[in-house]
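The chains referred to below are lettered A, B, ... by the order of the sequence lines, with proteins before strands, and numbering in each begins at 1.
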Number of protein chains: 2
Amino acid sequence: MDRLSEVFSALADPTRRAILARLAEGEATVNELAEPFPISLQAVSKHLKVLERAGLITRGIHAQWRPCRLDAAPLRGVAEWVTEYRRFWEERYDELGTYLTKIQKEN
Amino acid sequence: MDRLSEVFSALADPTRRAILARLAEGEATVNELAEPFPISLQAVSKHLKVLERAGLITRGIHAQWRPCRLDAAPLRGVAEWVTEYRRFWEERYDELGTYLTKIQKEN
DNA sequence: CGGTTAATCAACCCATAAGTTGAATATGCT
DNA sequence: AGCATATTCAACTTATGGGTTGATTAACCG
């Protein structure tokens, strides 16, 4: 799977996005990350593997802990991709502008 | 599934992103959209359904054709989400700035 | 050394995604 | 009416995702 698909796919899960949001506040261990969720530690561990494969987190080794850190680099690619479409969701304003210009000329 | 997950999920497929790119150039029918891909028309029809459910396209009815149009509105949400992380992939620069400030004070 | 804690591995379940082929629906053309 | 075109529906296969439980590995603590 290409990288962008992998990243989008990793982001397509609320639990994983919540994990990223948590990591935005700083490093955390698997247990710390798992704590807020009503799912098993193993399930969280899988989510972390997905995020890691997508390049969105990196993991250290500190005794028996595996501290996770956010790596937002792949999000840059997402931002670039989505920016290509910006003009389309801003079009509304363009259309409004066009409309206003038009009725202005008509009156 | 929440909207953002649905959108990310829809974007996590190269075929669907290619379809969106094609629609950025203007309306197209299912056959026209399917033409470049080595998969069946039905498969493309399914992809379109996914995009439609995510709110990324709308479909018209014109005789036996179902012209598809891009609706980039949901991408705004994606852009907003990803912007929350911008500082992290730009952090490199911040760190450089901090470093420069620091050595400046030291000397 | 033995027990506790942190995390992963492994096997399994169930639902869904992505593709296929074949049939059905609906519109236009002559 | 009858045929061609555009698209969808339906049934099926195969693979994958997200979850579970139970066992395993590895490090620390007393």
Contact residues, residues 1-33 of chain A to DNA chain C [heavy atom, < 4.0 Å] =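 Heavy-atom contacts with DNA chain C come from A:Thr29, A:Val30, A:Asn31.
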Do NZ/NE/NH1/NH2 and the carboxylate oxygens of A:Asp2 and B:Arg17 come within less than 4.0 Å?
->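 Here A:Asp2 pairs with B:Arg17 in a salt bridge, since their nearest N and O are under 4.0 Å apart.
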Presence of B:Lys49 side-chain N/O under 4.0 Å of D:dT7 phosphate oxygens OP1/OP2 =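 Looking at the OP1 and OP2 atoms of D:dT7, neither is under 4.0 Å from any side-chain N or O of B:Lys49.
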Polar side-chain atom of [X] near backbone of [Y] as donor-acceptor pair, under 3.5 Å:
| X | Y | result |
| --- | --- | --- |
| B:Arg16 | B:Leu11 | no |
| A:Glu32 | A:Thr29 | yes |
| B:Thr83 | B:Ala79 | yes |

Residue pairs, two or more places apart or on separate chains, that pass ring-ring contact (aromatic ring centres under 6.0 Å, His included) and touch residues 31-76 of chain A |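 ring-ring contact (aromatic ring centres under 6.0 Å, His included) check on residues 31-76 of chain A returns no pairs.
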Pairing residues for A:Ala24 by the side chain to side chain contact (heavy atoms under 4.5 Å, CB included) criterion, not counting sequence neighbours |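 Only A:Leu70, B:Tyr85, B:Phe88 meet the side chain to side chain contact (heavy atoms under 4.5 Å, CB included) criterion with A:Ala24.
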Within 6.0 angstrom of B:Arg69 CZ, more than 12 heavy atoms from elsewhere |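 12 or below, so no.
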Tell me, yes or no, whether the heavy-atom count around A:Arg3 atom CZ, taken from other residues, nucleotides or ligands under 6.0 Å, exceeds 12.
->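 Yes, CZ of A:Arg3 has more than 12 neighbouring heavy atoms, counting only those of other groups under 6.0 Å.
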Among all residues two or more places apart in sequence or in another chain, which pass the side-chain hydrogen bond (donor to acceptor under 3.5 Å, both in side chains) test with A:Ser9?
->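 So A:Ser9 forms no side-chain hydrogen bond (donor to acceptor under 3.5 Å, both in side chains) with any residue.
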Rounded distance in Å - CZ (A:Arg53) to P (D:dG17) =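 My rounded result for the distance is 9 Å.
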Protein-proximity profile, nucleotides 20-30 of chain D, B/S/- by nucleotide at the 4.0 Å heavy-atom cutoff, equals BBB----SS--
Is there a path of hydrophobic side-chain contacts, each under 4.5 Å between heavy atoms of I, L, V, M, F, W or Y residues, that connects A:Phe8 with B:Trp89?
->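 Yes.
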Nucleotide interval of DNA chain C bounded by contacts with chain B (heavy-atom cut-off, under 4.0 Å) |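 Answer, 5' to 3': C:dA18 to C:dG28.
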